Amino acid sequence: MSILYPEIETLSRDDIKACQFEKLNRMLDYASKTPFYKDRLPSKIKSFSDFQKIPFLSKNDLRDAFPYGLLSCPKENIVRVSASSGTTGIPTFSYCSKNDLNDFTRNEMLHFSHTGLSSADTIQCMTAFNLFTAGWGCYQGSIGLGATIIPCGPGNTQRQISLLKQLKPNYSFSNPSYLQYLLEVMTKDDFDNIELKVAITGGEVLTKEFQNLAKKKYNIEVYNFYGMTEFATHIGSECNYHDGLHINEDYLYAEIIDPDTGLVVPDGEYGELVLTNLKREAMPLIRYRTRDITRFIPQQCACGRTHIRMESITHRIDDMLIINGVNIFPSQIEECIYKNLDTATNYLIRISNNKSLKKMQIDIEIPKELLDDKMQLKVLEQNLIKSLKAYISITPKLKFVSCGTIPEIQGKTSKVIIE
Ligand code: ADP
Ligand code: ZN
């Protein structure tokens with residue numbers, strides 16, 4: 001698979017660091033003149049360790065500065081407004097100037113090129129074209145690469161399936177949960193009449209189990225993309241080796257910190273991802289705490305790209321459930337379900353309070369044949385309970401339901417209900 005910007009994507013690590021250092025200094029010089037940053041930032045650093053002394057920026061800082069407190073260019077230079085889905089509170093807003101938007105297109109072309117997307121391909125975009133940035137990223141990136149985009153937006157599943165059958169796109173772009181749902185409701189006849197080979201997903205945790213299942217059961221290669229409204233672009237994307245997501249280090253400087261101490265962790269260790277814009281006019285973010293947990297993969301990727309890889313995000317700090325003193329991430333439960341029950345199509349975690357004790361029930365959708373086979377189901381249930389206990393140290397109640405019982409997912413939703 002060819003590399004779109006070899007002069008950038010295959011630079012030596014030393015050259016990448018040198019470029020980043022220069023750009024950081026340019027960014028500090030620019031940002032330290034703005035009202036928001038003038039008392040927070042030095043205008044120059046002498047080393048990366050100087051950079052590590054700069055205070056972090058949090059989602060709450062962005063909320064406090066709403067609407068225009070973080071703006072670093074005249075308001076009339078803004079050409080696009082974006083806002084996050086507000087999964088963990090009030091949505092955060094983000095702005096782009098015309099130059100930022102040109103960089104956005106370039107960044108998105110880089111990420112989408114990692115999947116091999118080119119002018120020979122057609123992509124069905126199943127995410128919204130609204131305040132979210134993901135749909136626009138797919139739009140600008142695909143068009144920039146000369147691919148054909150079918151911008152149908154989310155939901156309306158029967159229409160999505162008709163378009164897949166009529167126009168025969170070979171790529172799709174959606175949240176992983178919507179892709180999962182779509183593949184579940186498609187019939188054999190639908191599968192016989194489509195040419196979907198690559199599904200790009202982002203916005204939510206994508207598990208390796210689902211990625212493997214999609215390949216094995218549907219012959220669809222799923223690529224993981226990671227992005228965030230605050231940066232108004234995708235940040236990392238998998239290449240065809242599917243071993244971590246390459247961060248666009250031409251545009252972003254990435255650090256991993258210990259969320260408790262705020263100190264940068266040794267290379268390869270897990271911690272919270274902290275990102276800094278190396279370029280951006282309207283709203284540069286400097287040392288922004290993403291709340292997402294990951295680690296860098298220090299070895300070079302077999303694809304030849306030298307930009308650092310981060311492991312897929314398996315959880316964000318805010319997702320953590322504390323059940324009777326045990327810390328649990330929903331992604332651990334998902335991993336466990338699909339490992340034990342590869343015919344499961346969907347699930348929902350229900351947490352309820354019984355006096356002061358929290359109880360967990362997991363509703364799991366399974367095919368009718370299995371639901372009717374009481375003996376086999378009993379064995380599977382016992383195995384899954386055993387495995388969940390080993391994974392998350394608690395024993396949830398399981399409820400098996402028929403496919404289609406758990407409501408259709410549109411957009412980003414949590415797989416957890418607190419009752
Ligand atoms: P929010 O969900 O906070 O309202 P966004 O809609 O901008 O904000 O979503 C960004 C967040 O979504 C990221 O910080 C991360 O937690 C999550 N996310 C995005 N892409 C992925 C991915 N590929 N894997 C896991 N989590 C992701
Ligand atoms: Zn690679």
Side-chain angles (χ1 to χ4, degrees), residues 1-4 6 9-10 58-60 62-63 81-94 110-111 113-116 127-128 130-138 154 173-179 199-208 210-211 222-249 252 254 272-275 285 288-294 296-320 329-331 334-335 411-415:
M1 211 177 267
S2 66
I3 296 178
L4 185 66
E9 294 182 85
T10 62
S58 72
K59 218 176 179 100
N60 278 338
L62 263 57
R63 288 177 182 143
V81 175
S82 314
S84 72
S85 53
T87 316
T88 58
I90 315 157
T92 35
F93 281 74
S94 171
L110 178 142
H111 289 298
S113 74
H114 287 177
T115 70
T127 57
N130 54 16
L131 281 167
F132 278 174
T133 42
W136 301 111
C138 177
F173 181 75
S174 67
N175 293 329
S177 48
Y178 188 71
L179 176 68
I200 304 170
T201 70
E204 296 164 341
V205 169
L206 168 72
T207 59
K208 269 275 169 244
F210 175 62
Q211 234 169 344
V222 184
Y223 281 83
N224 193 1
F225 272 39
Y226 167 71
M228 192 179 308
T229 310
E230 292 88 318
F231 284 90
T233 182
H234 281 110
I235 287 155
S237 53
E238 283 185 343
C239 64
N240 55 324
Y241 285 86
H242 300 282
D243 187 13
L245 289 76
H246 288 282
I247 295 178
N248 179 359
E249 290 192 288
L252 296 163
E272 180 182 349
L273 181 67
V274 171
L275 294 168
L285 299 180
Y288 183 69
R289 290 185 68 149
T290 64
R291 314 286 292 157
D292 292 323
I293 303 289
T294 185
F296 291 144
I297 302 173
Q299 301 77 19
Q300 202 194 307
C301 184
C303 73
R305 292 178 182 87
T306 47
H307 282 192
I308 195 87
R309 284 171 298 158
M310 58 179 240
E311 229 173 52
S312 296
I313 305 278
T314 49
H315 53 260
R316 43 162 59 182
I317 295 176
D318 317 283
D319 272 346
M320 194 167 76
F329 289 98
S331 55
E334 171 161 336
E335 210 179 311
K412 276 170 81 150
T413 61
S414 168
K415 294 269 194 193

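All ligand and atom numbering here is 1-based and tracks the order in the structure. Remember, predicted model here, so these are calculated numbers, not experimental data.
Here's the thing with L206: none of its N/O atoms is less than 3.5 angstrom from an N/O atom of ligand 1. No N or O atom of F132 sits closer than 3.5 Å to an N or O atom of ligand 1.
Using a 4.0 angstrom heavy-atom cutoff, K59 counts as in contact with ligand 1.
When each of T115, V222, N224 is checked for a side chain to side chain contact (heavy atoms under 4.5 Å, CB included) with E238, only N224 meets the rule.
Between K208 and E335, the closest side-chain pair of non-hydrogen atoms is not below 4.5 Å.
With S237 contributing its side chain and F225 its backbone, the two residues share no donor-acceptor pair below 3.5 Å. Distance alone, capped at 3.5 Å, is enough to place a donor-acceptor pair between the T306 side chain and the E9 backbone. The closest donor-acceptor contact from the side chain of S94 to the backbone of T229 lies under 3.5 Å.
Taking both residues in full, the closest heavy atoms of S113 and L4 are given as OG-CB, 3.5 Å, listed atom of the first, atom of the second, then distance. Across every non-hydrogen atom of Y241 and C301, the tightest pair is CB-SG, 4.4 Å.
Considering S312, G203, G227 only, the shortest heavy-atom separation from atom 10 (C) of ligand 1 involves G227. Between H234, M228, R316, it is R316 that holds the heavy atom closest to atom 11 (C) of ligand 1. Taking all heavy atoms of N224, I235, T92, D292 into account, the minimum distance to atom 16 (O) of ligand 1 is reached by D292.
Annotation for ligand 1: atoms under 4.0 Å from non-hydrogen atoms of T229 are 5 (P), 6 (O), 7 (O). Within ligand 1, counting atoms from 1 as listed, the ones closer than 4.0 Å to a heavy atom of V205 are 24 (N), 25 (C), 26 (N). For ligand 1, the atoms lying closer than 4.0 Å to a non-hydrogen atom of F225 are 20 (N), 22 (C), 23 (N).
With a 4.0 Å cut-off on non-hydrogen atoms, R291 does not touch ligand 1 at all.
Ring orientation note: the planes of H234 and H111 are nearly perpendicular, at an angle over 60° on the 30°/60° scale.
Using a cut-off of 2.8 Å, one finds that C303 contributes an N/O/S atom close to the Zn ion (ligand 2).
In this structure, SG of C301 and NE2 of H246 enclose an angle of 110° at the Zn ion (ligand 2), rounded to 10°.
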